[in-house]
Amino acid sequence: MTKKKIVLLDGNSLAYRAFFALPLLTNDTGIHTNAVYGFTMMLQNILADEKPTHMLVAWDAGKTTFRHSTFSEYKGGRQKTPPELSEQFPYLRKLLDAYQITQYELDQYEADDIIGTLSKSGDEEGVEVVIISGDKDLTQLASDHTTVCITRKGITDLEKYTPEHVMEKYGITPPQIIDMKGLMGDASDNIPGVPGVGEKTALKLLKEYGTVEKVYESLDSVSGKKLKENLTENEELAYLSKKLATIEVDAPITISIDDLAYPGPDEENVKTIYEELKFKSLLDKMESPTENGPIAEIDVQIVANPEAIDLADEMAIHVEMMDENYLSTEVTGVSMTDDEQTVFIPIGVLQQSDRLKEWFSDEAKKKYATDSKAAYASLLRYGVEVNGFEFDLLLATYIANPSSSYTDVASVAKEFNYSDVQPDEAVYGKGAKKALPEEKVLADHAGRKAQAVWKLRPVLEEKLRENDQFELYHELEMPLANILGKMESTGVKTDLGILQQIGLQLSTRLTELESIIYEMAGQPFNINSPKQLGEILFEKIGLTPIKKTKTGYSTAADVLEKLESEHEIISFILTYRQLGKLNSTYIEGLSKEIHEDGKIHTRFQQALTQTGRLSSINPNLQNIPIRLEEGRKIRAAFVPSEPGWLMFAADYSQIELRVLAHMSQDEKMISAFREGEDIHTKTAMDVFGVDKDGVSSDMRRTAKAVNFGIVYGISDYGLSQSLNITRKEAGKFIDTYLKTFPGVKQYMEDIVSEAKMKGYVVTMMNRRRYLPDITSSNFNLRSFAERTAMNTPIQGTAADIIKKAMIDMDARLKDENMQTRMLLQVHDELIFEAPEEEIEKLKKIVPEVMESALSLDVPLKAEWAYGHSWYETK
DNA sequence: TATCTCACG
DNA sequence: ACGTACGTGAGATAA
């Protein structure tokens, strides 16, 4: 039998240590977890380093101990346990139960005493004892059989005190630690000690005399008048202190070493608690193949003969490719699975098989996919149309929690406790080493992903139903994915000639500006480098820096604009920046993105934003310039893809403010929209108390900024920045505004308190956003979460509405047998290309569909325009 | 790879 | 007193 090894932990001390060593972490349900997390890290290290056969965590019991009856001020003046820590103790206890580690506490005794008593019996039995604490007092227990480990700094760094180490460090034996405390006291436990005696003096005395008792026996020979005086006057205090510092080794404990046998953790229970606390990294560690051994073998058949496979009515599929851009990357094959089988079909085989293609396009054959839009758009490029998507892992995960960052199937699977799938990186490698593995490996990997989808579907659908989000997911996001897939595949025709022509003009002007700027600066430098520009402006020219960034002077546009009157170089720099941006991002950037078909195919990210909006990448077509005329011209390059067709654009007018009016039920705001007034003018009238003719353009501009601010979750600082006024003035505007629109004020207050209560906010269609920081004690984090709570339901509901409009629009175009194609969505606008003869019809049905997407207590308004290019749709 | 800047709604 | 407006993506620079 292996020799016993007992590890005794000082629970309270380590929990405190972990709590203060780590920042105040919270998980997304708002529970503080730093102490539990830190404690767990320590525990794991200890288990790995010590490999104990027996284990105990000792806790302090209650408020009073036998030491208090000796000295009532014992541990007096201690700060109350922070509530953020107190709330974590129940979790710690649960966690230790799951680890199957014995926990013990004894009335009137401290953890030290339990540990002392057990270490003594361990000593007597001759077994190895390891004590772990953050409290140096425990070092008095070190002996030949007992090692005392004290946390050094951080949480995992332990200092091991053997008798030898104590001698090295202090020049005394472990039992003399008690005498040392008796003489010097211990501020943290409020043990008085002898005044004027610190560590140095105490050690000097002990090295000479040995114990407190011996010191007093030979008091006459102690050198130093003041010291002798202090010792004489405080003899009782010294004995009392020694008594207080002595750890009880004969406490009346009711357990013995044999009760502490440690069987190892109950993996399932530990996992459950990690999940509850959202300890993702610890979960990952538990589930990583290196820890748990290789993942289960699976049987994937690589299909050579498509006639031979059994095509079921419901299957999970996964389209495998090396790169994330499914609109350009080569597909290697498709894996399919159900309860019976897992197969991998190389893309070449799929393309050749009418039987397979038919199955894929059959609406009645239900497909569960990792990312249905990617599956649809990628296979379409190989002449395979996929219909009948019934489950989408990516969307389901996103709707359940938009903050879950989905990088690959493995990452989501892990979150839902499914581990038989590898990260893409593990199969393909990363960086320069990224390469296509052999087909067998590929088939295995893709097969596992399909299996993950198959197994995760019920779990996720259950969760969505539970949160009343199934409809949002199934009736809004799923159909939208298909529509977006079509839009991405269609692409937007882009006239390279127009881009190049604009580019040429820009380059000429940029060269001119460059030489003017160099001349004014007196030297050439890189204008695009904020560092170099900052040096030129604020050091060489000597302008006054207005704002700083982490790394130096800020040279952002709003800063430079304030300096415009100080030096003529500024306006040239601003123009240079503006044109430079157009040239690099839009002319050069977009030109590179034009495919062989003469079109740009952006990808809409449907599972990314925290509010429910889409985003657009590779390239981003949602931020094509419009505000300044020079940039707006870029839009002339976006043209219809068919001769005789036109571009048609429609946008919602003031959709976010209308949503706010509806959600807040503010009477004034509702009636303003019902009467079809210009909302900013109306706001100005109400806030400034003037009639329509009394609204100056400046008043309207202010009102508009305040309206924006309200939507963003107003703050006086933010408004002051946008209007370039003082914070005080901005604050006044906000006050007046909220008095004028009491419904809005009420809404803002209600939504924040609702978020505090539930931990999340929702849109009208039940899209959720969790806001763990809303209860943070950190002002910045909390304020940010509060503004988010105000903004997300508004921005998110607007996103819900346009998504619904897109689905309705797609259906309507089909119903009406129209050729018009939806191309882009830019948050509150839709862009189409259409045959000229369909324009008249679009003028009617587009606003009709958009305005009736969702019924609010205020009307929705959509406006349209059309022309030969996107530029002309104004 | 992080930071700054700037384009959009 | 704290230091920010909400949501994105991309290019250039500098480490």
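Here is how names work: the chains are called A, B, and so on, in the same order as the sequence lines, proteins then strands, and each is numbered from 1.
Look at K745(A) and E749(A) and you find a salt bridge, because one of the NZ, NE, NH1 or NH2 atoms lies within 4.0 Å of a carboxylate O, short of that distance. The existence of a salt bridge linking K373(A) and E488(A) is confirmed by a sub-4.0 Å separation between a basic side-chain nitrogen and an acidic carboxylate oxygen. Here R701(A) pairs with D698(A) in a salt bridge; the nearest charged N to carboxylate O distance falls below 4.0 Å.
Atom CZ in F784(A) sits roughly 16 Å away from atom C1' in dC2(C) (whole-Å rounding). Between the P atom of dA10(C) and the CD1 atom of I624(A) lies a distance of 11 Å, rounded to the nearest Å. As a whole-Å value, the separation of K548(A) NZ from dT4(C) C1' is 20 Å. Between E656(A) atom CD and dG7(C) atom P the separation is 11 Å, expressed in whole Å. In this structure, CZ of R787(A) is placed 13 Å from P of dG3(C), rounded to the nearest angstrom. Atom CG of L506(A) is separated from atom C1' of dG11(C) by 15 Å (rounded to the nearest Å).
In this model, a side-chain donor or acceptor of S722(A) finds a partner on the base of dA5(C) within 3.5 Å.
Within 4.0 Å of N618(A), counting heavy atoms only, lie sugar-phosphate atoms of the nucleic acid but no base atom. Using a 4.0 Å heavy-atom criterion, one finds that N778(A) contacts no nucleic acid atom at all. Nucleic acid contact for I794(A): none, since no nucleic acid atom lies under 4.0 Å from a heavy atom of the residue. The residue T788(A) sits close only to the backbone: its heavy atoms come under 4.0 Å of sugar-phosphate atoms, none of a base. Counting any heavy atom pair closer than 4.0 Å across all strands shown, R627(A) reaches a base atom.
For DNA chain B, the contact window with chain A, defined by any atom under 4.0 Å from a protein heavy atom, covers dT3(B) to dG9(B) in 5' to 3' order.
Going from the P atom of dT4(C) to that of dT5(B) covers 14 Å, rounded to whole Å.
Considering only side-chain atoms of F779(A), the nucleotide from dG7(C), dG9(C), dC2(C) that sits closest is dC2(C).
With a 3.5 Å limit on both pairing distances and Watson-Crick or G-U wobble geometry required, the stems of 3 or more pairs in DNA chain C span B:1-9 with C:6-14.
Here Y737(A) and F741(A) bring their ring centres to under 6.0 angstrom of each other.
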